[in-house]
Amino acid sequence: GQWFFPDHCFTLLGEWLAFLQQLAMAGQWLPPGQPELEQLASQSGLRAALPSIFSGHRQPDTRQKQLDDWFDAFRTVKLLRQLRQQSMNGHA
């Protein structure tokens with residue numbers, strides 16, 4: 001159904017959230033080192049948005065809050081649907 005997502009979608013979502021945490025700690029762009037995450041960063045606009053997301057935030061916890069605000073529920077569902085579609089098309 002509409003709300004069914006294969007397990008690997010949640011695995012990648014977990015890796016994505018861990019990557020966002022690494023970015024918050026670093027305070028700058030870091031290559032994710034994984035093709036799927038690189039693709040998600042590009043498709044979501046994260047890399048382009050990162051300077052404005054982090055603008056004026058020097059502490060990791062405030063940067064994490066900014067990333068959490070940016071990667072809201074809408075973007076989470078959009079990402080899961082995108083991952084599901086890619087898996088249905090044989091790209092996962």
Side-chain angles (χ1 to χ4, degrees):
Q2 177 182 356
W3 294 104
F4 171 77
F5 298 96
D7 290 344
H8 76 273
C9 292
F10 293 102
T11 301
L12 263 174
L13 175 62
E15 292 170 0
W16 173 255
L17 294 174
F19 174 58
L20 294 183
Q21 191 171 30
Q22 289 174 345
L23 293 177
M25 291 300 293
Q28 63 184 5
W29 174 255
L30 298 172
Q34 189 176 339
E36 295 89 352
L37 295 181
E38 186 75 52
Q39 183 178 7
L40 293 175
S42 175
Q43 290 172 340
S44 68
L46 171 65
R47 189 171 186 172
L50 205 60
S52 62
I53 292 171
F54 285 172
S55 177
H57 299 282
R58 296 177 180 264
Q59 299 300 318
D61 59 337
T62 58
R63 290 193 299 257
Q64 183 67 56
K65 175 162 182 2
Q66 291 302 112
L67 278 172
D68 290 345
D69 290 348
W70 178 81
F71 192 67
D72 57 11
F74 175 76
R75 282 194 166 102
T76 301
V77 170
K78 185 176 176 181
L79 180 128
L80 284 170
R81 288 180 174 162
Q82 177 182 335
L83 292 173
R84 178 177 61 192
Q85 186 63 41
Q86 288 172 353
S87 73
M88 291 170 59
N89 292 336
H91 297 296

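Predicted model only: the values in this text are computed from it and were never measured.
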Checklist line | side chain to side chain contact (heavy atoms under 4.5 Å, CB included) between L67 and L50, intermediate numbers included | finding: CA-CA 9 Å; L67 278 172; L50 205 60; 4.1 Å; yes
Notebook entry, point to check: Would L46 and W16 count as a side chain to side chain contact (heavy atoms under 4.5 Å, CB included) if you check the C-alpha gap in whole Å, the side-chain angles of each, and the deciding distance to 0.1 Å?
Noted result: CA-CA 11 Å; L46 171 65; W16 173 255; 3.6 Å; yes
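For the atom pair CG of L79 and CG of L13, the computed distance is 6.0 Å after rounding to the nearest 0.5 Å. One finds the CD atom of E15 at 10.5 Å from the CD atom of Q22 (value rounded to the nearest 0.5 Å). Note that CZ of F5 is 4.0 Å distant from CZ of R84, once rounded to the nearest 0.5 Å. To the nearest 0.5 Å, atoms CG (L37) and OG (S42) are separated by 12.5 Å. In this structure, CG in D69 is found 10.0 Å from CD in Q64, a value given to the nearest 0.5 Å. Within the model, atoms OG1 of T76 and NZ of K78 stand 12.0 Å from one another, a figure rounded to the nearest 0.5 Å.
The residues K65 and D61 are annotated as not salt-bridged, no charged nitrogen and carboxylate oxygen being separated by less than 4.0 angstrom.
The shortest non-hydrogen separation linking G45 to W70 is C-CZ2, 4.2 Å. Pairing each heavy atom of H57 with each of T62, the nearest pair is CB-OG1, 3.7 Å. Minimum heavy-atom separation, M25 to R63: O-NH2, 3.1 Å. When all heavy atoms of F19 and P31 are compared, the pair lying nearest together is CE1-C, 4.3 Å. Shown here for R47 and P51, the closest heavy-atom pair between the two residues is O-CD, 3.7 Å.
Residues L40 and Q34 form no side-chain contact, since every pair of their non-hydrogen atoms from C-beta on lies 4.5 Å or further apart. In this structure the side chain of I53 never reaches within 4.5 angstrom of the side chain of L23, judged on heavy atoms. Between L17 and Q21 there is no side-chain heavy-atom pair separated by less than 4.5 Å.
Dense packing is recorded around CG of D72, with more than 12 heavy atoms of other residues, nucleotides or ligands lying under 6.0 Å away.
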